Amino acid sequence: MPPSHKKHSHRTSPYSRPSRSKPQHQKQPSLASTSTTDPEANQALPTPRPTPRLKPTSPRSSTLACPFYKLNPAAYQSCARLKLSKISYVKQHLVRHHMAPRYCPRCLEIFSAFTDFEAHLLQKERCKEKQGEVEGITETVKERLSRRSDHSVNEAEQWRDIWKIIFGSNPPPSPYIDLDLPEEINLYNDYLFSEVPKRLCGKDVPQSSAERHKLVQDTVLEVAEAWKSLWRQRRVPIPAV
């Protein structure tokens, strides 16, 4: 007689733990599978605007001039070739290239060695006083130039303040050098503006306007002749042919 198979009923024990079902993550619909029934969903995404390219700034057509070049263009021609685009560059150039040599303030004798200069000042017999001046930036002027410029005024006025600190006189009409013009033209213009006032100061000013006009005209011609002399001596730049 075959053994009978009893059906076992699976009853949950009151002490058994209920099985936990793993939460199923819902798959997010992609943009391509979104319903097309929504009119807003069918609108094309806005195309990002390209980043605007900054246009290169055009080079300056002028540069600040070295004050010593404006004072004496024939003597400081090399300074006319510099590109001094900031007031700070002008001050830096003055301190590096235009410091006055060590000299006696009485006789104006120049000393290369400090020991010789010190011995000259301590000698019993005083040197004879001599009229004149030694061109260049003194330590006192250097200290004043190291101070911050007045940024409440424009660049040209800051340059004129530097001129007054160095020379103590009225500055020239323009502190700039025109980069669009040839070097010899700039030099000729600056030479006229520098020399004509100097020569007029040493002459008696006539009373009548006609005589004053003639005085200025003659002085300009006199300066032009002086320029020709420098040109013949090759002391001004000769344009290449």
Side-chain angles (χ1 to χ4, degrees), residues 63-84 86-150 156-177 183 186-203 219 222-223 226-227 229-230 233-237:
T63 182
L64 291 166
C66 166
F68 282 90
Y69 163 76
K70 286 286 187 175
L71 177 72
N72 192 344
Y76 296 99
Q77 294 178 40
S78 59
C79 295
R81 303 182 183 99
L82 301 174
K83 301 296 186 295
L84 305 176
K86 298 179 181 179
I87 289 294
S88 59
Y89 294 166
V90 176
K91 292 183 176 182
Q92 187 181 72
H93 167 73
L94 290 171
V95 172
R96 288 183 176 180
H97 300 281
H98 294 286
M99 288 297 296
R102 189 181 293 109
Y103 69 97
C104 173
R106 287 182 57 84
C107 67
L108 305 181
E109 183 179 352
I110 297 175
F111 300 90
S112 57
F114 179 77
T115 52
D116 297 336
F117 172 67
E118 187 178 34
H120 175 81
L121 295 179
L122 296 177
Q123 63 183 359
K124 294 181 179 180
E125 185 178 352
R126 296 187 66 181
C127 56
K128 294 182 180 180
E129 189 172 353
K130 185 178 180 181
Q131 297 296 327
E133 59 183 14
V134 175
E135 210 166 76
I137 302 295
T138 63
E139 290 295 332
T140 302
V141 171
K142 178 183 175 181
E143 192 277 329
R144 293 183 64 186
L145 291 176
S146 64
R147 301 173 189 172
R148 188 178 180 85
S149 299
D150 184 6
E157 288 301 321
Q158 293 179 39
W159 188 93
R160 293 185 180 100
D161 289 340
I162 293 176
W163 176 281
K164 294 174 185 176
I165 290 174
I166 300 173
F167 307 118
S169 58
N170 293 328
S174 173
Y176 297 103
I177 295 176
E183 181 182 348
N186 280 319
L187 189 55
Y188 178 70
N189 289 339
D190 291 324
Y191 184 79
L192 287 178
F193 280 115
S194 172
E195 287 296 315
V196 170
K198 293 177 186 177
R199 303 196 183 202
L200 284 174
C201 288
K203 298 178 180 180
T219 305
E222 177 185 320
V223 172
W227 171 266
S229 177
L230 294 174
Q233 299 172 30
R234 302 270 178 170
R235 293 173 60 186
V236 293

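Quantities reported herein were computed from a predicted structural model and do not represent experimental measurements. Values below: all heavy atoms of this structure, side chains included; hydrogens, waters and symmetry mates excluded. This chain uses plain numbering: 1 for the first residue, then up along the sequence.
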Notebook entry, point to check: Can Cys127 and Glu109 be said to form a side-chain contact (heavy atoms from CB on, under 4.5 Å), step by step?
Noted result: CA-CA 10 Å; Cys127 56; Glu109 183 179 352; over 6 Å; no

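- With sequence neighbours excluded, no residue satisfies ring pair (Phe, Tyr, Trp, His ring centres under 6.0 Å) with Tyr89.
- Closest non-hydrogen pair, Tyr103 versus Ala100, comes out as CE2-CB, 4.4 Å.
- Side-chain N or O atoms of Lys91 include one that pairs as donor or acceptor with a backbone N or O of Arg147 at under 3.5 Å.
- Contact check for Leu64 versus Tyr176: side-chain heavy atoms found under the 4.5 Å cut-off.
- The minimum heavy-atom distance between Gln131 and Leu108, with the atom names listed, is O-CD1, 4.0 Å.
- Distance CG/Leu187 to CG/Leu192: 10.0 Å, rounded to 0.5 Å.
- Within 6.0 Å of NZ on Lys203 lie more than 12 heavy atoms contributed by other residues, nucleotides or ligands.
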Checklist line | Derivation of the side-chain contact (heavy atoms from CB on, under 4.5 Å) call for His97 and Cys79 | finding: CA-CA 10 Å; His97 300 281; Cys79 295; over 6 Å; no

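- The line from CD of Glu135 to NE2 of His98 is 9.0 Å long, rounded to the nearest 0.5 Å.
- In this structure, the side chain of Lys70 does not engage the main chain of Pro173 through any donor-acceptor pair within 3.5 Å.
- When only modelled atom types and interatomic distance are considered, Gln233 and Ser229 share a side-chain donor-acceptor pair under 3.5 Å.
- How far CD of Glu118 is from CZ of Arg102: 10.5 Å, rounded to the nearest 0.5 Å.
- Residue Leu121 holds its CG atom at 10.5 Å from CZ of Arg126, rounded to the nearest 0.5 Å.
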Note to self: Tyr191 vs Leu230, test: side-chain contact (heavy atoms from CB on, under 4.5 Å). Steps then yes/no.
What the structure shows: CA-CA 11 Å; Tyr191 184 79; Leu230 294 174; 3.8 Å; yes

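- Taking a 6.0 Å sphere around CG of Asn170, one finds it holds 12 or fewer heavy atoms contributed by other residues, nucleotides or ligands.
- For the atom pair Ile177 CD1 and Asn189 CG, the distance stands at 11.0 Å (nearest 0.5 Å).
- Relative orientation of the Trp227 and Tyr188 rings is perpendicular, given thresholds of 30° and 60° on the angle between their planes.
- No donor-acceptor distance shorter than 3.5 angstrom exists from the side chain of Trp159 to the backbone of Ile87, with no hydrogens or angles considered.
- To the nearest 0.5 Å, the span separating OG1 on Thr63 from NZ on Lys86 amounts to 12.5 Å.
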Note to self: Applying side-chain contact (heavy atoms from CB on, under 4.5 Å) to Ile166 and Phe68, what does each step give before you reach the verdict?
What the structure shows: CA-CA 9 Å; Ile166 300 173; Phe68 282 90; 4.1 Å; yes

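- Here the side chains of Trp163 and Ser169 are in contact, with some heavy-atom distance below 4.5 Å.
- In this structure the side chain of Asp161 never reaches within 4.5 angstrom of the side chain of Ser149, judged on heavy atoms.
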